[in-house]
Structure formats: structure tokens, C-alpha cells
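Inspection log for the structure reproduced underneath, given as C-alpha cells.
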Amino acid sequence: MRPLRRNSGHGAIIAVVLCVAMLAGCAADPEPAKTQGARPSPRPSATAPRETPPPTDTAPLRGLIVPEGTLDHASIAAKIDNHPLARPQIALDRTDLVFEELVEGGMTRYVGVWHSDIPDVLGPVRSIRPMDPDIISPLGGIVAYSGGQERFVALMRQTPVYNAIHGQPDTQATFYRSGAKPAPHNVHVKAKELLAEHTDLAAPRRQFGFAVDLPSSTAVRIGTPTGAVNYRFSDYSFGTWAWDASTSAFLRSQRGAVDVDANGAQLKATNVVVLRVPITEAFDIPKTELIGSGEAWVSSGGATVHGTWTKKSATGTIALVADSGVAIKLAPGNSWIELIPLAGSVEHPAPAVG
């Protein structure tokens, strides 16, 4: 038997054919194979870098958010005349706080406080009274007035407040009498110039607690709907704060007449705080006794919450606590504080229907 013989030429032909086929396949698909799962290159972000908001402070007497450092100055409290011949007062609409107090003859006067918005001029200012040291001491800063009985002036000078008094050498450039009204209802104060003379005085501390907004205020959250705040100091001095939803404020009237500012607009308040206070007398001068405690009502946002007020010392602030035990928070904005005698009255009628 013959041994099998390999056909080497046939094998070479097969190898050549395979090689050509492989080269043809490579030429038909020149693109390199894509790696499975490969991610596209990241695109540049179109989102702008987030800017850090400017720092802010809370206005201590209004509870509003303001740019940091804009209120690093003292407040000015002033004894403001409320005689009919003194109206309309100048810059009363720009106050942070107003305290209304009983004086002689059943009349009232104001302690106006400016800090968030210092006017060029305010007034007219009148003389100091025995309760004013207890009202103004917690504020520090400056108090402006026209004078007063020496014993009352001495009490005011003993407080941690700079006394700016009409007729003194240090107020000759900042106090003046206007010819627009008769004396003694015409002493005015150049408020910005007065403040510029006392840049060393500190800003006031917070006097009341504030909510972050009107809906969060205590009166709105847990209070009773209120159409008006009717108050009476005496048979001579009485008035109304009527709720106005269009401005989210209470609008002021005295003795049945609209109470207006120097521009003819009705005076208004975000918060109306009523404190029932005892009145004592010394030499026929009424004194509101503000160190102690008593009944309180706080009205904000068309509602009123009832509670108590407490003030422990002349320099202490007024604490307001609801009947439920929670601290009362006012709405951010300006406030009027009515210091109603126990012999006076206050009513909070419900809103009119229809």
C-alpha cells in the first residue's frame, strides 16, 4: 500500500484565499470598533454660578429685613404734641413706634420713636412727663423734647438716654420754632442733623417679638377677627383704628375725624397694641404706671389676640403673652401702643358682614 502524500500546493492556495478574504474584510470596515458603554465627553455647564445673597439684619423696632449695617445708629424718641393746633404733625407717619399717653385735662400726647426711617424734620415737640422715662429708657439713643417741670426733666436726665432739650446750647442748631403754627405748638427738630451729632450712641435693642410675616403673627394665627379697635382715654380723647384689608393696616381716627399726616394721608399702623394701665397723680399731673403688669390686646392683620403685658423695670422691655401662654409676635411693620387708663375703655368689634 502506498503511503498518503500531502498536496502542499493545494494548501498554499487555501492560505492565500483566506488571507485575501481577511484583507477584503478589513478594507470594507475601516472604522475602529466602539467600546461598549463608552460615555460622551461632558459638555460645559450652562448654569451660572450661584451668587451669595447680601447679608441682612432685622430692624429691631419694626421686624423688617434690611441690608446689613443700614440701621447701625441710635433711635430718636420725641415727645410729640397732640393738641388740635399741633395737627397734622410732621413725620408721625414715619415712626417705628408711637406710644399714646394720658396727660392733663383728659388730653393725650405721644412718644414717637424713629429708627428705620429718620426724617429731616419732626415735631412739634412738647414737654416731658413723669411716665416718659419708663417708656423711653429701654430704647437708649436720643430723646427730644421742649423742656418741662424740673423734677420731670431731672428724672429723664437720669436715664441712659441722651436728652436733647429745646433752648439748651447743644440744640441751638437742631431745634427751631416754625411760623406755620402758633406757640407752643411749633417747636420742631432737625432729626437727621441731631442724629449726626451723636454717632457714638448705639442702636436700640428689640422691643417686641416679631413674626416673619403678617400671616405668621400671633393675632392672625390664633386671634379673633376684628373690624376696628375703639379706644377711650377720657371724654375728651377717644378714637378708632379701622381695619383696612386693601392696605393690610389699621386706619386712625380721633374724635370721629380722620387723623392725617402732614401730606394729608390717613395715619395707619400694622399693629395696634392696647395696654390697660393704672394712672396715679402728683400735683395734678397724671402718670401712667408702666412698671408692673396688666391686660393687653394686640391687633394685627384684621384680628386681635388677648393676653397680658409685663414690664419689670424702667429699662426693661414690655413682654406680651397671650392667654394660651405663648409669647405674642407682632407683624413686621410699625406699631402704635395705646396706654389706656383703667377708667377708660377699649372695644374690638367684629368685621361688618356683607
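Here the structure is a predicted model, which means the values were calculated and not measured.
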Practice item. Give the C-alpha distance, both sets of side-chain angles, the deciding distance and a yes or no for side-chain hydrogen bond (donor to acceptor under 3.5 Å, both in side chains) between Asn82 and Arg87. Key: CA-CA 7 Å; Asn82 191 31; Arg87 305 175 197 151; 3.1 Å; yes

Is there a path of hydrophobic side-chain contacts, each under 4.5 Å between heavy atoms of I, L, V, M, F, W or Y residues, that connects [X] with [Y]?
X      : Y      : answer
Val153 : Leu139 : yes
Trp309 : Ile279 : yes
Val220 : Val305 : no
Leu71  : Leu122 : no
Ile285 : Ile128 : yes

Review point. Taking everything shown except Asp200 itself, do over 12 heavy atoms lie less than 6.0 Å from its CG?
Key: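 Buried by this count: over 12 neighbours within 6.0 Å.
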
Practice item. Apply side-chain hydrogen bond (donor to acceptor under 3.5 Å, both in side chains) to the pair Ser178 and Asn186, showing each step before the final yes or no. Key: CA-CA 5 Å; Ser178 167; Asn186 61 351; over 6 Å; no

Exercise for review: Please tell me if the side chains of Asn230 and Pro349 come closer than 4.5 Å, counting only heavy atoms from C-beta onward.
Suggested key: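 They are in contact (side-chain heavy atoms under 4.5 Å apart), so the answer is yes.
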
Mind listing the closest non-hydrogen atom pair of [X] and [Y] along with its distance?
X      : Y      : answer
Ser75  : Gly140 : OG-O, 4.2 Å
Pro204 : Ala74  : CD-C, 4.4 Å
Met131 : Lys287 : SD-CA, 3.9 Å
Leu330 : Ser217 : C-CB, 4.0 Å

Exercise for review: Only pairs at least two apart or in different chains count here, so list each salt bridge (Lys or Arg N to Asp or Glu O under 4.0 Å) that has a residue in residues 146-173.
Suggested key: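 Sorted result for residues 146-173: empty, none.
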
Point to revise | Pairs flagged by salt bridge (Lys or Arg N to Asp or Glu O under 4.0 Å) wherever residues 312-325 is involved - sequence neighbours left out | key: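 The answer is none; no pair qualifies.
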
Practice item. Please name the residue in the list Lys79, Arg129, Arg126 that meets the salt bridge (charged side-chain N to carboxylate O under 4.0 Å, His left out) test with Glu101. Key: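 Of Lys79, Arg129, Arg126, salt bridge (charged side-chain N to carboxylate O under 4.0 Å, His left out) with Glu101 is met by Lys79 alone.
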
**Study point:** Test applied, salt bridge (charged side-chain N to carboxylate O under 4.0 Å, His left out); reference residue, Arg252; option that passes from Asp93, Asp259, Asp261
**Key:**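 Answer to the salt bridge (charged side-chain N to carboxylate O under 4.0 Å, His left out) test with Arg252 among Asp93, Asp259, Asp261: Asp259.
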
Review point. Hey, are Glu197 and Lys190 close enough for a salt bridge, meaning a charged N less than 4.0 Å from a carboxylate O?
Key: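 Result for this pair is no, no salt bridge flagged.
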
Review point. When you check the gap from the basic side-chain N to the acidic O, do Asp244 and Lys268 get nearer than 4.0 Å?
Key: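 No, Asp244 and Lys268 are not salt-bridged.
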
Point to revise | For Trp241, the option from Trp336, Phe250, Trp297 that meets ring-ring contact (aromatic ring centres under 6.0 Å, His included) | key: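 Testing Trp241 for a ring-ring contact (aromatic ring centres under 6.0 Å, His included) against Trp336, Phe250, Trp297 leaves exactly one candidate, Trp336.
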
Practice item. Show your reasoning for whether ring-ring contact (aromatic ring centres under 6.0 Å, His included) applies to His115 and His73. Key: CA-CA 8 Å; His115 182 243; His73 58 76; 4.7 Å; yes

Check your understanding: If you measure from CG on Leu290 to OG1 on Thr288, what distance do you get to the nearest 0.5 Å?
Key ->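 Result: 7.5 Å between the selected atoms.
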
Check your understanding: When you measure from the side chain of Arg232 to the backbone N and O of Val346, does any donor-acceptor pair fall under 3.5 Å?
Key ->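 Not a single qualifying donor-acceptor pair exists.
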
Check your understanding: What residues form a salt bridge (Lys or Arg N to Asp or Glu O under 4.0 Å) with Lys192, not counting sequence neighbours?
Key ->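 Here the qualifying residues are Asp120.
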
